[in-house]
J.: 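Sharing a structure, written as structure tokens. Questions coming.
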Amino acid sequence: MHPPDRLFHAELGTTPARWVERVRLDRAQQLLLEGHTITAAAYRRGLGSDESVP
């Protein structure tokens with residue numbers, strides 16, 4: 001792990017990549033709660049496809 005990644009992990013308890021994924025999933029979940037389709041929520045949050053949404 002590179003030094004900036006270590007600092008990030010020490011502060012937030014996760015890697016930068018996992019943090020970004022969590023933020024995208026949280027935002028996609030909000031879109032789903034607002035009535036958007038899974039495909040639209042995945043696309044709008046940069047998840048690539050609806051298969052990326054657990």
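Index from 1, following the sequence.
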J.: Which heavy atom of Ala41 sits nearest to which heavy atom of Ala28, and what is that distance?
T.: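 Smallest heavy-atom distance, with atoms named: CB-O, 3.7 Å.
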
J.: Got a sec, which residues hit side chain to side chain contact (heavy atoms under 4.5 Å, CB included) with Glu21, two or more places apart in sequence or on another chain?
T.: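 Glu21 satisfies side chain to side chain contact (heavy atoms under 4.5 Å, CB included) with Leu25 only.
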
J.: Could you list the donor-acceptor pairs under 3.5 angstrom formed between side-chain atoms of residues 3-13 and any protein atom two or more places apart in sequence or on another chain?
T.:
from	atom 1	to	atom 2	distance (Å)
Arg6	NE	Met1	O	3.4
Arg6	NH1	Met1	O	3.4
Arg6	NH2	Met1	O	2.9

J.: Can you list the residues that meet the side chain to side chain donor-acceptor pair (under 3.5 Å) rule with Gln29, with sequence neighbours excluded?
T.: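 For Gln29, no residue satisfies side chain to side chain donor-acceptor pair (under 3.5 Å) once neighbours in sequence are set aside.
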
J.: For Arg22, give me all partners under salt bridge (Lys or Arg N to Asp or Glu O under 4.0 Å), at least two apart in sequence or on another chain.
T.: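 With sequence neighbours excluded, Arg22 shows a salt bridge (Lys or Arg N to Asp or Glu O under 4.0 Å) to Asp26, given in chain and number order.
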
J.: Output the distance between atom CD (Gln30) and atom CZ (Arg44), rounded to the nearest 0.5 Å.
T.: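 CZ of Arg44 is found 12.5 Å from CD of Gln30.
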
J.: With sequence neighbours left out, write down each residue that passes side chain to side chain contact (heavy atoms under 4.5 Å, CB included) with Val20, or none if nothing qualifies.
T.: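 Residues passing side chain to side chain contact (heavy atoms under 4.5 Å, CB included) with Val20: Arg24.
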
